[in-house]
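I am attaching a structure below and will ask some questions about it afterwards.
Here is the naming used below: chain letters follow the sequence lines, and residue numbers restart at 1 for every chain.
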Amino acid sequence: MPDLDPIVLFFIFGLVAGLMRSELRLPTAVYELLSVVLLLAIGLKGGVELAKQSPGSLLPQMIAVILMGLALPLAAYPALRALGRLTRVDAAAIAAHYGSVSVGTYAVAVAWLVSREIAFEAYMPLMLVLLEMPAILVGIMLARGISAETNWRLLAREVFLGKSIVLLLGGLLIGWAAGPVALEPVSALFFDLFPGVLALFLLEMGLVAAGQFGSLRRHGFFLVGFGILFPLFGAAVGGTLGWLLGLSIGGTMLLATLAASASYIAVPAAMRIALPAANPALSLTASLGVTFPFNILVGIPIYQRLAEFLHGPGV
Amino acid sequence: MPDLDPIVLFFIFGLVAGLMRSELRLPTAVYELLSVVLLLAIGLKGGVELAKQSPGSLLPQMIAVILMGLALPLAAYPALRALGRLTRVDAAAIAAHYGSVSVGTYAVAVAWLVSREIAFEAYMPLMLVLLEMPAILVGIMLARGISAETNWRLLAREVFLGKSIVLLLGGLLIGWAAGPVALEPVSALFFDLFPGVLALFLLEMGLVAAGQFGSLRRHGFFLVGFGILFPLFGAAVGGTLGWLLGLSIGGTMLLATLAASASYIAVPAAMRIALPAANPALSLTASLGVTFPFNILVGIPIYQRLAEFLHGPGV
Amino acid sequence: MPDLDPIVLFFIFGLVAGLMRSELRLPTAVYELLSVVLLLAIGLKGGVELAKQSPGSLLPQMIAVILMGLALPLAAYPALRALGRLTRVDAAAIAAHYGSVSVGTYAVAVAWLVSREIAFEAYMPLMLVLLEMPAILVGIMLARGISAETNWRLLAREVFLGKSIVLLLGGLLIGWAAGPVALEPVSALFFDLFPGVLALFLLEMGLVAAGQFGSLRRHGFFLVGFGILFPLFGAAVGGTLGWLLGLSIGGTMLLATLAASASYIAVPAAMRIALPAANPALSLTASLGVTFPFNILVGIPIYQRLAEFLHGPGV
Amino acid sequence: MRTDDRKLVTIVTEAALERHLADDLKRLGAHGYTVSDARGEGSRGVRAARWDASSNIRVEVICDDATAEKIAAHLRAHYYDHYAMVMYFSDVGVLRPEKF
Amino acid sequence: MRTDDRKLVTIVTEAALERHLADDLKRLGAHGYTVSDARGEGSRGVRAARWDASSNIRVEVICDDATAEKIAAHLRAHYYDHYAMVMYFSDVGVLRPEKF
Amino acid sequence: MRTDDRKLVTIVTEAALERHLADDLKRLGAHGYTVSDARGEGSRGVRAARWDASSNIRVEVICDDATAEKIAAHLRAHYYDHYAMVMYFSDVGVLRPEKF
Ligand SMILES: Nc1ncnc2c1ncn2[C@@H]1O[C@H](COP(=O)(O)O)[C@@H](O)[C@H]1O
Ligand SMILES: Nc1ncnc2c1ncn2[C@@H]1O[C@H](COP(=O)(O)O)[C@@H](O)[C@H]1O
Ligand SMILES: Nc1ncnc2c1ncn2[C@@H]1O[C@H](COP(=O)(O)O)[C@@H](O)[C@H]1O
Ligand code: NA
Ligand code: NA
Ligand code: NA
């Protein structure tokens, strides 16, 4: 049963406990501690690897990934408008969620690869950071047009100075500046504890996702369909791009996973301020109630097979 | 001074700081994080071992232990009524606390055995889970009779879906499904950190227990006597049962400790809803203010000697 | 770049994020968990070492260090009155902060030495504890005179039973009673995680320190000068004392750092109760907004060079 | 400023009742409620919120007089005898009377 | 006891607005405000404070009638349509009228 | 609904005073009090509750007029000058007048 990683079991446990309306919940402060450790750890790992790259050598990949971050919400938007009959602003907000990424999903995918000893490009956290933001800008423009009214400076603050991006970036820079040897002393917290912290985080995410199921019925089953099909489309795009960029199988799988994942931290926070007219229940139901569980439970192994398929039998 | 395990010192430290009315306290969120880690860790450990047992082989032990969980409150109730002159509902509530178990006490007993390299049956967390609940049902029936009025469905929810049981059970199932190898990555959090987490937990429990001392005077010294003598009786019952079931010395000691311990998490929460007329100050004063410190500071070594005595000199 | 320890990078990261007014903050409960672990860990380490000393052998050092704790605020007070033109009570309160010590600064200095494999007297946490309190008493006497009005019993409670002193002392005593072998099981939490916990703590301290910068302008630049120059003076005093006491280079550097550091936990809390008329913004701006960053970023390497200088070229 | 009159019902009680109270309030006709964590002291002693069993919550409901009356009657009948609980009523003004 | 009359404006809304509201309130003339964390339920569903996006805050402002009116108008215009928000007004007495 | 009139005294102040205030209130005749954590801004600047020294508490006491007056006088005399503190009074109705 190699598919049942224990961290996935923690997610299922949270899901089941939540659906049975158990009293179980982690205090908000604990949830925040767990996410701070996860985000910093991912950043630190990526930063250490970045330092090993010759400067500029990653530029082509970085540009390609940013372009994908701009393109994905543009692909999602018409589907949401035409098939889901959503209002302009709701469609734009959901598109922004799906163009951006989920750090939790990324971490589970990495754990999945590590436990199977499948190699991947260690600088992937950089791609994670790069994918967080472009979709937010596209979403805002889709909703408002490029109007003079938009207070872009204020928006940039909300987006770039949001918790998750600041922590990822901070981790990247510290890892890059300190290097692997100097990080040795803090590795017990950020690296050895990482899987356990991720397990507790997924337990809470399961409880939260279960709480979203109630609103699924209310918001129609279009969201279920979209929350499963768009990630598969995203994975195809991300996987193909990874293969074109010459990533390893593991790296291709991770880029597919990133493209398939939908944000539930940075984007909701930004949308609440930038597009207050968008109904946050719609995007969170889709992203947390459908796509996150789908990716964790079903998607990740599919994206791995996709990556293997793209790389052909010769590998 | 092998009796002064450092985790016991943390408890004494908390007790003293609390009695001196120091400002020290751990935030509620931290207390909850610590208990979540403790409960999951105990469950995980037990689950891993359960997976090694042939299915059904533990059934006799399990049934015997459940019967003990039903019998202990039935023994406590008349003592509380006759000697303590408590109302029916108060006696029933306290009986439920003492028929159930304290996870903190169990964890200290395990640490005590481990530091002395005394072996015990690794599936004991299963017995812990089984002992949590029966006493609650007995307590409710003692207070109310088996009346049609009782909303058993709602009660079952409160009892089975309370935090501590859900976490223990969840841990058991995850450990059982994942097995020791797959749990390797999360062992830094759940196993390596366990003694430190237990130490912090005991520090807070010391502070809380000290806070209960004030109400000792108010509620009469009967509670002190009961809070010390009933555990000794319970230990005799649990130890004898362990010996009859053919447990090792360590396992016998643990079953004695479980029987001697009194709940201060699951049962108080359930009683508050199921028997609101019971005065929670009485049961918490006894369980937290008397029995928990007694077991941690004095009881555990006694129960070990009891186990050795039962197993006879030949061992 | 051996000066850029990663924990210092975490501090800079917090500082920058705070100055950019990022949304990042750690919940209060997390901040408290981190400080509890730091204080206990420092105490435990010191206690283990204390147990190795023959009783009484440290008495001369202890008395000398307490005398320094009484002398430093007496030196700071006239400077604050004459040069800073502060009111009597404000000068007394700030003097108390600078006569006492900062545990965070001490921890960074220790990490600095450890990462450079420079030896130091392992009983230094005892000096840390001894330096926390005398300056508070001197500060109160400077402000009030030795008046009969002062409720010394109540003050002693506030001071001795404040969180940080209780935790340091508790850790010392537990470490001393348990010894290194018995502490083995809790070392994963208190020792292995220590640098990571310190890193997160410094991240939050950076955010908090950044929040103090705003009040710098309001309170005049005298505080900046004092917050940099008095630590240098303190370091000279502490370093010289360390050298006179025959401490190693590392120990000398630590005593210099202790003297140079200013309290921002124990003393503010005590002053709020003992000298309510003192403006807490003044002392916190100086101690957290100036001296703490100065010591972390610039001071510690200076104090090391000072210690080397004092010990002469022969060493 | 033209505001409409409503009742504000404030309840301080044991945290264990949160879910039950929320269900009760909605059943009795409240359109919403707000909860925050609290601690305190009263006739049932100190409740210092060190852990679940000693934590309080503070619940606020804005509603019309009739609903306030129903809430008062229900809580008095079901909780006053056995739970640490305090309830008080005050007059507040709101802008959207249809909402409460 | 001689007290002066002031308005107490209480706002329950999404935690994401905390910084924006604080800026607004000061701009509109409030001399201070108090915030605490909250959770609750209302027309926009359950907000259980499990994480940032579902957390509420409870903001209190003591001010004179004119400021209360300005706050009411501003929040109604800018936030009522799109945010989970409840606002109510009550009369309170204070000892230092110049402070509010 | 028949309720009896009482005063609700609300105090927002520095968290460091919690224990002292609790002792004061009981000494002055209050039968109970409720505390919750808060943050805020006022004449003494931003108190953002990032850590102990910058945390506020919000204390509520339901009591009769005479006790309210005593609390007001005591706090004004002992704390107003040196501590971040706000206090206000409002009229509330209670069901069990003997309790407060
Ligand atoms: N007079 C009072 N003023 C404000 N809060 C009170 C008062 N009395 C009780 N409380 C609160 O209500 C809770 C339950 O009160 P009681 O049922 O009297 O123990 C206490 O823990 C306090 O938080
Ligand atoms: N009738 C009410 N009484 C008290 N609080 C309410 C009420 N209605 C809503 N709230 C609070 O205000 C928040 C936003 O309300 P709403 O905009 O109706 O969803 C809710 O999450 C509750 O915390
Ligand atoms: N006008 C106000 N409305 C509501 N709360 C206030 C007001 N002024 C001050 N506060 C609160 O009272 C605390 C102390 O106020 P101050 O003494 O003015 O600094 C502040 O930190 C706020 O939490
Ligand atoms: Na995506
Ligand atoms: Na028992
Ligand atoms: Na100093």
Greatest number of heavy atom pairs closer than 4.5 Å to chain C - which of B:Asp192, B:Val197, B:Leu24: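 Most heavy-atom pairs within the cutoff with chain C belong to B:Leu24.
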Residues C:Val36, B:Val30; criterion side-chain contact (heavy atoms from CB on, under 4.5 Å); working and verdict: CA-CA 11 Å; C:Val36 166; B:Val30 169; over 6 Å; no
C:Leu40 versus chain B, the contacting section by heavy-atom distance below 4.5 Å: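 For C:Leu40, the contact with chain B is made by the side chain alone.
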Pick from C:Leu33, C:Ile165, C:Thr28 with the largest number of heavy-atom pairs that fall under 4.5 Å of chain B: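 Top count of heavy-atom pairs under 4.5 Å with chain B: C:Leu33.
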Heavy-atom pair with the smallest gap, counting every atom of C:Leu161 and B:Ser22: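 Looking at all heavy atoms of both residues, the closest pair is O-OG, 3.4 Å.
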Verdict with reasoning, C:Ile174 to B:Phe10, per side-chain contact (heavy atoms from CB on, under 4.5 Å): CA-CA 7 Å; C:Ile174 294 175; B:Phe10 277 89; 3.9 Å; yes
Per-residue contacts, residues 200-210 of chain B versus chain C, heavy atoms under 4.5 Å: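 From residues 200-210 of chain B, the residues near chain C are B:Leu200, B:Leu203.
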When C:Ala29, C:Pro27, C:Gly179 are compared by non-hydrogen pairs under 4.5 Å with chain B, the top option: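 Max contact count across the listed options: C:Ala29.
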Validation row: C:Leu193, B:Leu193 side chains within 4.5 angstrom (heavy atoms):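 Yes, side chains in contact.
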Validation row: B:Phe13, C:Leu167 side chains within 4.5 angstrom (heavy atoms):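 Of all side-chain heavy-atom pairs linking C:Leu167 with B:Phe13, at least one is under 4.5 Å.
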Side chain / backbone / both / neither for B:Arg25 at chain C, heavy atoms under 4.5 Å: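 It is the backbone, since no side chain atom gets that close.
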Non-hydrogen atoms of B:Pro6 and C:Leu183 that approach each other most closely: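 So the minimum-distance heavy-atom pair works out to CB-CD2, 3.7 Å.
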Heavy-atom closest pair, residues C:Val166 and B:Ala17: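 Minimum heavy-atom separation between C:Val166 and B:Ala17: CG1-CB, 4.1 Å.
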